[in-house]
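The next block holds one structure in the form of structure tokens; read it before the comments.
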Amino acid sequence: MTTTYILKDLTEPIRNSSGLDYRKELNEAQYEAATAVEGPLLIIAGAGTGKTRTLVYRVAHLIDLGIDPRSILLLTFTRRAAEAMIRRASLLIDSRCSQVSGGTFHSFANLVLRVHGRHVNLASSFTIMDRPDSEDVIQTLRSDMGLNTKEKRFPRKQTVAEIFSMTHNKQIGLNELLELEYPHLVDVNHELAEMQRRYADFKQTKSLIDYDDLLIKLRDLLANHVEVRNRLSDTYRYIMVDEYQDTNHLQAEIVRLLAATHDNVAVVGDDAQSIYSFRGANFRNIMDFPKQFAGARLIKLEENYRSTQPILNLTNEIIARATESYEKRLFTRKSVGSRPKLVQAGSEQMQSQFVCQKILELREEGVPLWDIAVLFRSSFHSFDLEIELTRRNIPFVKRGGFQFMEAAHVKDLLAHLRILANPQDAISWNRILLLLEGIGPGASQKIIKWLLEGGSAVERLRSYNAKGKVAQGLRTLAQVLEEAAKAELPSEQAQYLLQYYVPILKQNYPDDHPKRLRDMEHFQGMTERYRNLDRLLSDMALEPPNDSIGGVLAVDPDEGPLILSTIHSAKGLEFHSVFIIWALEGRFPSFYNTSSSEDLEEERRLLYVAATRAKQNLFISYPTRVFDKSLRMVLSQPSQFIDGISTRMLEPVALVPEGSYWNWES
């Protein structure tokens, strides 16, 4: 039987096999993006504008037109995201959507290399190493090269693995990466280069590849083998990439090569939400897409379904100040709402007290705790707030970074303070003794037994029978503890102990001690709110309240706790009310991230991401009297990203004691 064909005019109104009315289901911009078929397409999807919905309908529409679902490739950053989109598309039309090839760049690379890996000298039976596997190989190489001794102070296996990974993801040389990101490790660049060479040889001889190799091998396969490249390009005639602003240089190359025989590439993303350069993401990918794909069509999704218009007015203004961006103005039909507030607090403690007070007020108004979030630039910015939340029995969970008591260097300093309060604290003695050179677990227990058998444990440190470095370390420790005990205030004691601890910190954490030092300085500042050491230690020792939510504030266990989160960990989420704390020049942006225009612009985008998480209420706060010891200056100005914004968009308020003439809500 002969098949009869007809010519279909794609400019005619869309008629589809499922009967789905795309125009009714989508707004105008979404409809335009979902129904564009041929050629390169850049969809700039503002925060909360229905990006995922648009992609789902686009998948369904292509299949509705009769396009073979096996020719559609949907690349996402998590397997779950791809599966969810395909499942939703199937619910819209039918099970044909399940034949779409969807997954991460790495999973797609794995499938291709299993078939074509021989072209890049890779056996089809290769084994993929996860990060711990890679770190174990690196540890073996460290030992083989004699770099695992204390005298060498060579970076730990985790740091080395991260360095090797970033050279691939950012596509820059090892020396350049060290100068930019790890300047304190430049002196071991030759050893690192040799280890990187040995690491590559080790993988090659044993048919092993790591996650980065998957992308590198796929890129090399597509770039150097025309026949394979064209075959894959002909197979996947319609390519879609989600979160394109988060792709790295390698991934952008792969997308360009996969479209060798056609230009049917649709990428979705938001330049204003490109905040992952520390993972290798390249902001230039989304900005230069029209250059990579000549004639690319640009569609902007600007109708927001999350926030009120007053919040969007502010976020539009924040990102409008960016030096480079795709111009867009988010709007919503939710025209009524409160203006975002810029809260000026006299100190960090006042900031924490305000946040807790307002959270309790919102809770009384019926806003569940799980729908309230406190967001911050860096994990240590929430330390003081965590203490205040615990004091007020407000349950919380923290996402991103580490909780205050989980930081090893904070535990070290606290152990010294605990000895001042209780010289019989055997656990704290063990921790601080193990910090001394030449003292292991066995020796530590012997020393502790000796110390606690007599009178003053600190005095007995001097008379313990030891030699060499151990004896010297014990005498120095005894002197430091005796001098610190003479100080009256916890802040003075902490400052004295910190002077002693800094050299130890640098030796024990050679890879990231600059960051840990900033944590220590911040902790020392926190101690200034206390007049009594016992009170300080009691607050630090309290169990996290989220371990026992039931009964606290009569919170329903199903309601969930308050969310504390770094901004990076909050991307993609939304909350009824959002607090952004530490919007202080010098902290957000940090003075450490203002040396380059690229870093500064990413900090601006970070604030934009934080502010666009809010649905109904947005509070941005900063303390006005903060002395930064490393900079030797008082920080007092609001972040440059919000400074000067009209009060019609951002209402300035100050915290004053209740009962005074002025009220913070005035």
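Residue numbers start at 1 and run along the sequence shown.
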Do [X] and [Y] pair up side chain to side chain, a donor and an acceptor below 3.5 Å, judged on atom types alone?
X      : Y      : value
Gln171 : Arg219 : yes
Asp242 : Thr76  : no
Ser621 : Gln351 : yes
Glu32  : Gln30  : no
Tyr238 : Glu38  : yes
Asn175 : Glu179 : no
Thr49  : Lys300 : no

Is a side-chain N or O of [X] found less than 3.5 angstrom from the main chain of [Y], in a donor-acceptor match?
X      : Y      : result
Arg339 : Thr647 : yes
Lys334 : Arg306 : yes
His381 : Leu375 : no
Glu602 : Ser277 : yes
Gln616 : His576 : no
Thr78  : Ala81  : yes
Arg587 : Arg377 : no
Thr247 : Glu243 : no
Gln344 : Thr624 : no
Tyr57  : Leu92  : no

cation_pi(Arg605, Phe283) dist<6.0 Å, angle<=45 | yes
Distance under 6.0 Å and angle within 45° of the ring axis: does Arg613 meet both against Phe575?
-> no
Do the side chains of [X] and [Y] get close enough for a salt bridge, i.e. N-O under 4.0 angstrom?
X      : Y      : result
Glu324 : Arg284 : yes
Glu28  : Arg23  : yes
Arg87  : Glu83  : no
Glu181 : Lys170 : yes
Asp271 : Lys328 : yes
Asp270 : Lys51  : no

Stepwise side-chain contact (heavy atoms from CB on, under 4.5 Å) check, Asp64 with Tyr22 | CA-CA 11 Å; Asp64 240 354; Tyr22 291 89; 2.8 Å; yes
Is there a side-chain contact between [X] and [Y] (heavy atoms, below 4.5 Å)?
X      : Y      : answer
Asp371 : Ser577 : no
Val367 : Asn617 : no
Thr612 : Ser307 : no
Leu342 : Tyr622 : yes
Arg321 : Phe641 : no
Ser325 : Glu601 : no
Leu369 : Pro561 : no
Ile359 : Val374 : yes

To the closest 0.5 Å, what do you measure between [atom1] ([X]) and [atom2] ([Y])?
X      : Y      : atom1 : atom2 : value
Asn27  : Arg333 : CG    : CZ    : 7.5 Å
Ser165 : Tyr211 : OG    : OH    : 11.5 Å
Glu603 : Ile567 : CD    : CD1   : 8.5 Å
Glu302 : Thr332 : CD    : OG1   : 13.0 Å
Asn316 : Tyr608 : CG    : OH    : 6.5 Å
Ile620 : Leu584 : CD1   : CG    : 13.0 Å

Going by the salt bridge (Lys or Arg N to Asp or Glu O under 4.0 Å) test, name the single residue among Arg256, Arg237, Arg297 that passes it with Asp263.
-> Arg256
Kindly give the heavy-atom pair with the smallest separation between [X] and [Y], and that separation in Å.
X      : Y      : value
Met350 : Leu655 : O-CD1, 3.6 Å
Pro340 : Pro310 : CD-O, 3.6 Å
Asp384 : Ser352 : OD2-OG, 2.6 Å
Phe588 : Ile580 : CE1-CG2, 4.5 Å
Val59  : Ala89  : CG1-CB, 4.0 Å
Phe289 : Val265 : CZ-O, 4.0 Å

Verify side-chain contact (heavy atoms from CB on, under 4.5 Å) between Glu585 and Asp643, making sure each step is shown before the conclusion.
-> CA-CA 9 Å; Glu585 187 69 13; Asp643 193 24; over 6 Å; no
Please check if atom CZ in Arg79 has more than 12 non-hydrogen atoms from other residues, nucleotides or ligands closer than 6.0 Å.
-> no
Aromatic centroids of [Y] and [X] separated by under 6.0 Å:
X      : Y      : answer
Phe579 : Phe619 : yes
Tyr276 : Phe77  : no
Phe278 : His568 : yes

Does the pair Val268 and Thr54 meet the rule for a side-chain contact (heavy atoms from CB on, under 4.5 Å), with working shown?
-> CA-CA 9 Å; Val268 185; Thr54 303; over 6 Å; no
Should Ile394 and Arg363 be marked as a side-chain contact (heavy atoms from CB on, under 4.5 Å) after you check the CA-CA gap, both sets of side-chain angles, and the distance that decides it?
-> CA-CA 10 Å; Ile394 301 176; Arg363 174 71 176 77; over 6 Å; no
Using the side chain to side chain donor-acceptor pair (under 3.5 Å) rule, take Asn313 and Gln309 through it: C-alpha gap first, then chi angles, then the decisive distance, then the call.
-> CA-CA 6 Å; Asn313 290 340; Gln309 193 60 52; 3.0 Å; yes
